[in-house]
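First up is the structure itself, then whatever we jot down about it.
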Number of protein chains: 2
Amino acid sequence: MASSTEGNRRPVRLADIARAAGVSHGTASNVFSRPEIVREEVRERVKAAAEAMGYAGPDPKGRLLRAGKVNAIGVATTEPLSYFFDDPFARTMMAGISEACDATGAGIALVSAGNEEKLAWNIQSALVDGFILFCIEGGSRLVELTRERKLPFVALELGFDDDTVSAIGVDNVAGARLAAHHLAELGHRRFAVLALPFADDSTGLVSPERIRTAVYTGTRDRLVGYFEALSRFGVDTTKVPVYETENDEASTKAGLETIFAAAESPTAILAMSDRMAMIAIEWLAARGMAVPDDVSIVGFDGVPDAALCDPPLTTVAQPIAEIGRRAARTILDFDGTVRRETLGVELVVRASSGPPPETA
Amino acid sequence: MASSTEGNRRPVRLADIARAAGVSHGTASNVFSRPEIVREEVRERVKAAAEAMGYAGPDPKGRLLRAGKVNAIGVATTEPLSYFFDDPFARTMMAGISEACDATGAGIALVSAGNEEKLAWNIQSALVDGFILFCIEGGSRLVELTRERKLPFVALELGFDDDTVSAIGVDNVAGARLAAHHLAELGHRRFAVLALPFADDSTGLVSPERIRTAVYTGTRDRLVGYFEALSRFGVDTTKVPVYETENDEASTKAGLETIFAAAESPTAILAMSDRMAMIAIEWLAARGMAVPDDVSIVGFDGVPDAALCDPPLTTVAQPIAEIGRRAARTILDFDGTVRRETLGVELVVRASSGPPPETA
DNA sequence: GTCTATTTTTGAATCGATCCAAGTTCAGCG
DNA sequence: CGCTGAACTTGGATCGATTCAAAAATAGAC
């Protein structure tokens, strides 16, 4: 029966019920958005008409255009969407962002895309009031794309220098110094570094030249911090192998192969991410090397998983959730200025680091 | 210099550059959305004008209104936003949803809210093409609110019977049967059940009356499954303590206190969630009871963490990511029909279950 | 130089609401 | 009975784009 009237889809809009109720669309609008200013009798009539016609309530699309504000912040990355739920670092960050959004009632829109073209489109068409950018990879492209939108945005883990963008990060030099100092103080003198990318194009042992011309300043800063602390203990840093990975399993393992194939294998590994550190622990275990008895490892990031692995990882902990919280607030309370924050890090000593083996 | 012209914020719109370039809005619009149909000379002129005036590109707000489609799906829950990133079950589900969204290029909007009123508003005003509802708690309210929007939606973990809503779930009875059968077959005869809520108002040992009048049919179904399998082994299910919790630490621990305070303590625990099962393992360890030597435990859900805890948890695994994927597809390929899917579950035997102690 | 076919461009209509200045209604008062 | 002010309503303008039928410009043929 009903279907005979319905037939095809007919989106009922405010104007329809206004007409049905015999009032202007202005009044009909008020019934929904400011009911108190409409006389009760009229209000009831309009509501009844809405009910009868199956009106779904003011369509946010229309409201949005008028109001201008979406009340949601976009979080973008070049990784696939599942990155936000799979990666421990991202998850912790998102928890911080969530907290700030919950507090103000803002929503979160996740933006990502497989290929470059889709990413551009998704960023251009995302319905948000601002962006938080996860710049883990392809950060400069992401920043470039987002800048076009002319909306407030803040970069996280920004890998390169650009004073015109708001960014929140940590003191990489100080953090790295902490990690290297800790190991050197324990007595280690033979080190190897598992590095994040210095630029986009390759992996492998890095030359001083590559370090000098690094695109990703975060990577360079961490290395500088490591070397600063090591030099202070008399370590010849030119002899320390630095293997550049892509922070994934394959390249990290390749790095470990290379490092331990050398004549003098290290007693301590400085990993620029917990991810690599944990892969290293696993790799060493598989080769029968004990952590920390044979080799000590210190990570970087302080993801929750690092406390749970075996042995629990000594690492340089970033205040990840706090970074997320501040990033969200930067967008939520945007005031038109470029905001740059550098937060402190903390060395969390757990069981993956200890004195070097006696025989060494 | 520049600032003297800019002064205050002036949102440049398409009409502005059209005027500046001396073309109609129609043509200006085409330059951006279908550049191939406008003559090169004109296209360049318009683009130059856009560049000169600092135009950010067609505003999605305007486009949206015209196009009608947002190209994003909303995921809603009554929990705070961080639930999506903290809870292992939710995370796995979101990974599945992400996958389906990535495949079609759709975005994800997270919707949630502290209080009831905000939730209603957030659902009413979310810019999405459809909803996926996490009905873990307050599911009926969530469904009610969402129905108002008259958008496609699908419920997950729907706790109650309602044939008018699309939902994706698992065969709770069969899953529970698997769990109980496994334990009974190992020789256990003294059981206790850690149950999810039967209704919203209380926790504690449940009466047959409460089971019969259960609001949450999922809970009831799992219990039915447990009891069916146990009966087949001659266990008097009326003697099996069933403790209703809120699936959190406090109430689960209270349940364990109660259960183990009884004269005949159980040798096996059937937990309706991995969460409770893992809390139980911890609680038992703290009391010096060994799992599975003194007490066996079987969980329900199959979250990734269950494989990592100590001892690894035997559990009834739901195809969580697959549920997420199907939910997303239900919205993405919405055809106007009510879709109900019930997926199978699988018993994953790990180290938390074994034969009962000899002395028992 | 005219006519037809094709390529471009135009401008009004539309999407679905909210806002607001101006107009209407009505009770109370002198 | 007219006047005043408060309480409601109205209808046009606006938000920022896209669409499409019709008009205009251009090209090609004869």
Side-chain angles (χ1 to χ4, degrees), chain A residues 9-47 49-50 53-71 121 124-129 149-151, chain B residues 9-47 49-50 53-71 121 124-129 149-151:
Chain A
R9 48 184 83 269
R10 34 91 217 227
V12 185
R13 52 200 194 300
L14 191 52
D16 296 327
I17 70 158
R19 197 175 322 115
V23 298
S24 72
H25 53 266
T27 299
S29 174
N30 286 335
V31 168
F32 292 97
S33 42
R34 305 134 85 193
E36 70 284 359
I37 74 161
V38 175
R39 191 154 44 98
E40 171 156 7
E41 188 260 315
V42 177
R43 201 193 315 147
E44 292 308 325
R45 181 150 43 94
V46 173
K47 279 193 170 159
M53 303 180 70
Y55 181 56
D59 186 327
K61 295 202 273 290
R63 194 207 319 276
L64 170 62
L65 182 57
R66 192 85 247 269
K69 270 222 135 201
V70 184
N71 198 33
W121 173 256
Q124 271 164 33
S125 63
L127 292 156
V128 298
D129 298 321
R149 274 296 295 270
K150 314 225 155 126
L151 285 178
Chain B
R9 48 184 83 267
R10 34 90 217 228
V12 185
R13 50 201 195 301
L14 191 52
D16 296 327
I17 69 157
R19 195 176 325 115
V23 298
S24 69
H25 337 267
T27 299
S29 173
N30 286 334
V31 168
F32 292 97
S33 41
R34 305 136 85 193
E36 69 284 359
I37 75 162
V38 15
R39 191 154 45 98
E40 171 156 6
E41 188 261 312
V42 177
R43 199 192 317 147
E44 291 310 325
R45 181 150 43 97
V46 173
K47 278 192 171 161
M53 303 180 70
Y55 181 56
D59 187 328
K61 296 203 273 291
R63 194 208 318 277
L64 170 62
L65 182 56
R66 191 88 247 277
K69 268 221 136 200
V70 184
N71 197 35
W121 172 257
Q124 272 164 32
S125 62
L127 291 157
V128 298
D129 298 321
R149 272 298 293 271
K150 313 225 156 127
L151 286 178

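Reminder, nothing fancy here: chain letters follow the sequence lines and each chain counts from 1.
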Gap between atoms [atom1] and [atom2], on [X] and [N] respectively (whole Å):
X: A/R63; N: C/dC19; atom1: CZ; atom2: C1'; value: 14 Å
X: A/D16; N: C/dT14; atom1: CG; atom2: P; value: 13 Å
X: B/L64; N: C/dG16; atom1: CG; atom2: C1'; value: 10 Å
X: B/L14; N: D/dT14; atom1: CG; atom2: P; value: 17 Å
X: A/L65; N: D/dG16; atom1: CG; atom2: P; value: 7 Å
X: A/R19; N: C/dA17; atom1: CZ; atom2: P; value: 12 Å
X: B/Q124; N: C/dA17; atom1: CD; atom2: P; value: 13 Å
X: B/K61; N: D/dT18; atom1: NZ; atom2: P; value: 14 Å

Quick check: closest heavy atoms across [X] and [Y], and the distance to 0.1 Å?
X: A/P60; Y: B/R149; result: CG-NH2, 3.4 Å
X: A/F32; Y: A/V46; result: CE1-CG1, 4.5 Å
X: B/V31; Y: B/R43; result: CG1-CG, 3.9 Å

Could you check whether A/Y55 gets within reach of a base, just the sugar-phosphate, or nothing at all, counting any heavy atom under 4.0 Å? sugar-phosphate
Residue B/S29, side-chain atoms from C-beta onward, closest of C/dG16, C/dT18, D/dT18: D/dT18
Once base and sugar-phosphate atoms are separated, protein heavy atoms under 4.0 Å mark nucleotides 4-13 of chain C, 5' to 3', with B, S and - as ----SSBB--
According to salt bridge (charged side-chain N to carboxylate O under 4.0 Å, His left out), who are the partners of [X], at least two apart in sequence or on a separate chain?
X: A/K47; value: none
X: B/D16; value: B/R13, B/R19
X: A/E40; value: none

What is the bend of the helix from C/dG1-D/dC30 to C/dG30-D/dC1 when you compare the axis at one end with the axis at the other, using five pairs each and rounding to 10°? 60°
Is A/D129 close to A/V70 at the side-chain level, that is, under 4.5 Å between some pair of heavy atoms? yes
Would one find a side-chain N or O of B/R13 under 4.0 angstrom from OP1 or OP2 of D/dG16? yes
Taken to the nearest 0.5 Å, the spacing of B/D59 CG from B/L65 CG works out to 11.0 Å
Check: residues 23-30 of chain B side-chain donor-acceptor pairs under 3.5 Å, at least two apart:
from  : atom 1 : to    : atom 2 : distance (Å)
B/S24 : OG     : B/G26 : N      : 3.4
B/S24 : OG     : B/T27 : N      : 3.3
B/S24 : OG     : B/T27 : OG1    : 3.4
B/N30 : OD1    : B/R34 : NH1    : 3.3
B/N30 : ND2    : B/G26 : O      : 3.4

